[in-house]
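Chain naming here is simple, since letters A, B, ... match the order of the sequence lines and numbering starts at 1 in each.
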Amino acid sequence: MALPKQSEDFPAWYQQVVKGAELAENSLARGSMVIRPYGYAIWEAIQAGVDRRIKATGHSNVYFPLLIPQSLLDKEADHVEGFAPQVAVVTHGGGSKLEEPLIIRPTSETIIWSTYAKWIQSYRDLPLLLNQWANVVRWEMRTRLFLRTSEFLWQEGHTAHETAPEAIEEARMILMDVYRATVEEDFAIPVLTGRKSAAERFPGAIETLAIEAMMRDGKALQAGTSHYLGQNFAKAYDVQFLGREGKQEYPFATSWGVSTRLVGGLIMAHGDDKGLRLPPKLAPFQVVIVPIYRDDAKATVMEAVYRIKQSLGDVRVKIDDREEHRPGYKFNEWELRGVPIRLEIGPRDLEAGQVMAYRRDTGEKAPIALESLSSAIAEMLTDIQKSLFQSALDFRTEHTFSPGSYDELVDLLSSVAGFVQGGWCGSPECETKVKDRTKATIRVLPLDPADREGNCIVCGSAATELATWAQSY
RNA sequence: CGGGACGUAGCGUAGUUUGGUAGCGCAUCCGGCUGGGGGCCGGAAGGUCGUCGGUUCAAAUCCGGCCGUCCCGACCA
C-alpha cells in the first residue's frame, strides 16, 4: 500500500495511517469507531499516565451512569443550550415508551452534581476530588476517526471546593501538572497552555483553560480542557454546605477532561510520510525484532533472538517471527505502525557479535555490539523520546508567526501557516472579524496576561493580551 | 443539513458514456522455491455489483427514493 504524502493530502494520509496501522476503523452506527488492539494499546498507555497523575494529585476514581434523566440537563441554562443539539435521547425501553426520556451523557456535570447534592453537607466534605473514565456520546455533524467521533472514551474530573481561589487553582493545577505534563512527557508533544476566549468557552463555565498542540499540517488541536465552573452547577443542582461560619454556602466547581482524541493528536503531531512515529513511552512495542535467516540458520538465529529479548528486561519487545512475510515487508509494516526501534538479527550479525538497529524517528541504521545492547537500547529509547519532543518543538517554532499587520495576519491564517500571535483588545467583534475572514479562532490566551501587549492587531486600539490564532481541528 | 465525489470479492479498482454470461492487482488457502527494504512459479477458493423500487425481452450499466463513506462548508466543549 502506498501512503499519500502528508504534503499532498494530509486528510487522506491521516485516514490511511489510522487504517493501515490498524488503530481503528469506522463502525456501523454513523460516526462511531471500533478501536483495534494496537490503537487500544496506545490508549491504555495514555490512560495509565493520566490516571497515575490524577491519583498522585489526590483524586479518586468513581463511575456514574451512562443514562441521565432529560430533566436534569435542563437545569443549567448555558449547559443545556450548548449541549442540547448534540444529545442522543433514549425514548423507549422494555418495549414501551418511557415516561421521561433519558439522555445518553454528552458529559456528566448534570448527573454528578445532582448526586453531589447528597454528598456535600459540610465544609468538612470538601474538597471533593473525583474522576471517572467513561464513554460519552455527542451527535457531531461531521466525524473523523479519533478526532471527533460520536462516541468517544475519556476521563472527566469533577471537583467541588470551598472557595473560588481553591477551585481556580485546581483547574490550573490539572492543566499544568496533569495534562501538560502528560502530553509533553509521555506524548513528546509541546503544548501551549492558556485560557479560552468567551466564545470558545465550555457551556456553563466561567473560565475554560486548554492545552493546544500543533499538528504537522499547521493546524491546532485542543488536546485537553480544564474548566472553572464557579457556582453555576452548585446553584443549578442545589448543592449547599454548612460553612465554617455556620452559613449555607454554594461550593465552587471544576471539570476537566482528555479523550481518545489524543490518539489523533499523537498521529498528526509526529507522523511522517512512512506513517506513525510513536514516542517510546506510549508505544505498545518499543522494539521490534525482525529475525533474518535461511532455513539452515533458523534455529541459531531464533535462539539468539529469544535470548536477546530476555536480556532487554522491561523493554516492550515484539518478535516478528511470521513465516509468511519476508524482512522487507516487515520493515515497512513496523515503520507504518511507528515502532521506535527495529532490530535486524541475522547470521552475519551474530557472527560479528552485533545486531542492526534502526531508529524510526531519524531513519538511521547502525550496528550495536551485543555485549552493550541492553544499555544502548535504554539510552536510545530515552533519546528518541527527547528528540521527538525537540523536533515537534522546532516545527512549532518554525510555524509560529508574529505578523506586523492585520493583512499579514489574515494571509498567514488563510494559508494555514501555523500559530499566529498578535495583540488583542479583548473585544468579541475583533475575534469574530478574524474568524469570518479566515475561519481561524483564538486558540489560547495567556494564563496570566501581561499588563499591556501593544495594540490590537485587528482594530489598532490598546491590546489587553497576546492572542494565539490558528486553524483548528 | 447544503455543495461535490464515490459505493463492484477482505482491501484497492476496471467495466457504467453506447444495457447483452463481472475482470484485474493485493490479501486468503494448497504445493514448491525463497529470505539483509513491500519475493517468484503453479494451483484453488471467494460476487445479492450499497439498498429498495421503476423502465426493459434483458440492468453493475438508464431513472427515482433511501442508506453509507470521503472532501469542502455550516456545527463543534
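Residue side chain A:Q16 does not reach the base of B:rG12 through any donor-acceptor N/O pair under 3.5 Å, judged by distance alone. In the interface, the side chain of A:R294 is not paired with the base of B:rG36 through any donor and acceptor atom under 3.5 Å apart.
Separating the CD atom of A:Q471 from the P atom of B:rG73 is a distance of 9 Å, rounded to the nearest angstrom. Rounded to a whole Å, the CH2 atom of A:W334 is 19 Å from the P atom of B:rG37. Counting to the nearest Å, the P atom of B:rC70 and the CE atom of A:M141 are 16 Å from each other. If you measure from atom CD of A:E324 to atom C1' of B:rG39, you get 14 Å, rounded to the nearest angstrom. When rounded to the nearest whole Å, the span between NE2 of A:H325 and C1' of B:rA27 equals 9 Å. Rounded to an integer number of Å, the gap from A:W13 CH2 to B:rC71 P is 14 Å. Atom CD in A:Q86 sits roughly 16 Å away from atom P in B:rC1 (whole-Å rounding). When the P atom of B:rC33 is taken as reference, atom CD of A:E323 falls 13 Å away, rounded to whole Å.
Between the side chains of A:K196 and A:Q222, at least one donor-acceptor pair of N or O atoms lies under 3.5 Å. Between the side chains of A:Q132 and A:S108, a donor-acceptor pair is found at a separation under 3.5 Å. At a cut-off of 3.5 Å, with distance as the only test, no side-chain donor of A:D411 or A:Y406 sits close to an acceptor on the other residue.
A salt bridge links A:E344 with A:R342; the closest basic N to acidic carboxylate O contact falls under 4.0 Å. Salt-bridge check for A:E76 with A:K235: failed, with every basic side-chain N at 4.0 Å or more from each acidic carboxylate O.
Nucleotide B:rG35 is matched to nothing when pairs are restricted to Watson-Crick or G-U wobble geometry with both distances under 3.5 angstrom. The partner of B:rU48 cannot be assigned: no Watson-Crick or G-U wobble pair with both contacts below 3.5 Å exists in any strand. Across all strands shown, B:rG42 pairs with B:rC30; the Watson-Crick or G-U wobble distances both stay below 3.5 Å. In this structure, B:rG23 forms a base pair with B:rU13, meeting either the Watson-Crick or the G-U wobble geometry with both donor-acceptor distances under 3.5 Å. The nucleotide B:rC75 finds no pairing partner, because no Watson-Crick or G-U wobble arrangement with both distances shorter than 3.5 Å includes it. Under the Watson-Crick or G-U wobble criterion, with both distances below 3.5 Å, B:rA5 is paired with B:rU69.
Note on ring orientation: taking the six-membered ring where Trp is involved, the planes of A:H325 and A:Y329 are parallel (angle under 30°, cut-offs 30° and 60°).
For B:rG65 and B:rC1, the P atoms lie 15 Å apart once the distance is rounded to whole Å. Nucleotides B:rG19 and B:rG15 place their P atoms 16 Å apart, quoted to the nearest Å. Rounded to whole Å, the separation between the C1' atoms of B:rG53 and B:rG43 comes to 43 Å. Using P as the reference atom, B:rU51 and B:rA60 are 11 Å apart when rounded to the nearest Å. Straight-line distance between the P atoms of B:rA59 and B:rG20: roughly 11 Å, to the nearest whole Å. On the P atoms, B:rA14 is 35 Å away from B:rG31, given to the nearest whole Å. Taking the C1' atoms as reference points, B:rC57 lies 23 Å from B:rU17, given to the whole Å. B:rC66 and B:rC29: their P atoms are spaced 42 Å apart (whole Å).
Ranking B:rG37, B:rC71, B:rC75 by closeness to the A:N332 side chain, first place goes to B:rG37. Comparing atom distances between the A:K365 side chain and each of B:rC76, B:rG36, B:rG37 picks out B:rG37 as nearest. The A:R342 side chain lies nearest to B:rG37 when the options are B:rG37, B:rC70, B:rG38. Across B:rC72, B:rG37, B:rG36, the shortest atom-to-atom separation from the side chain of A:P11 is found for B:rC72.
At a threshold of 4.0 angstrom between heavy atoms, the contacts of A:G363 with the nucleic acid are absent. Residue contacts shown for A:Y358 include a base, since a base heavy atom lies under 4.0 Å away. Looking at heavy-atom distances under 4.0 Å, A:P347 makes contact with a base. Within 4.0 Å of A:R322, counting heavy atoms only, lies no atom of the nucleic acid at all. Within the 4.0 angstrom heavy-atom criterion, base atoms lie near A:G346. At the heavy-atom level, A:K19 lies nowhere under 4.0 Å from the strands shown. Note on A:K298: nothing from the nucleic acid sits closer than 4.0 angstrom, heavy atoms only.
In this structure, A:D349 and A:Y473 both approach RNA chain B, and ranking their closest nucleotides by distance from the 5' end singles out A:D349.
A donor-acceptor contact shorter than 3.5 Å is absent between the side chain of A:E109 and the backbone of A:L73.
Put simply, A:R148 has no side-chain N or O that comes within less than 4.0 Å of OP1 or OP2 on B:rC76. One finds no side-chain N or O of A:K439 lying less than 4.0 angstrom from the OP1 or OP2 phosphate oxygen of B:rC72. Considering only side-chain N and O atoms, A:R142 lies under 4.0 angstrom from the phosphate OP1 or OP2 of B:rC72. Close to B:rG36, at under 4.0 Å from its OP1 or OP2, lies a side-chain N or O of A:R326.
Within a 6.0 Å sphere centred on CZ of A:R322, other residues, nucleotides and ligands contribute more than 12 heavy atoms.
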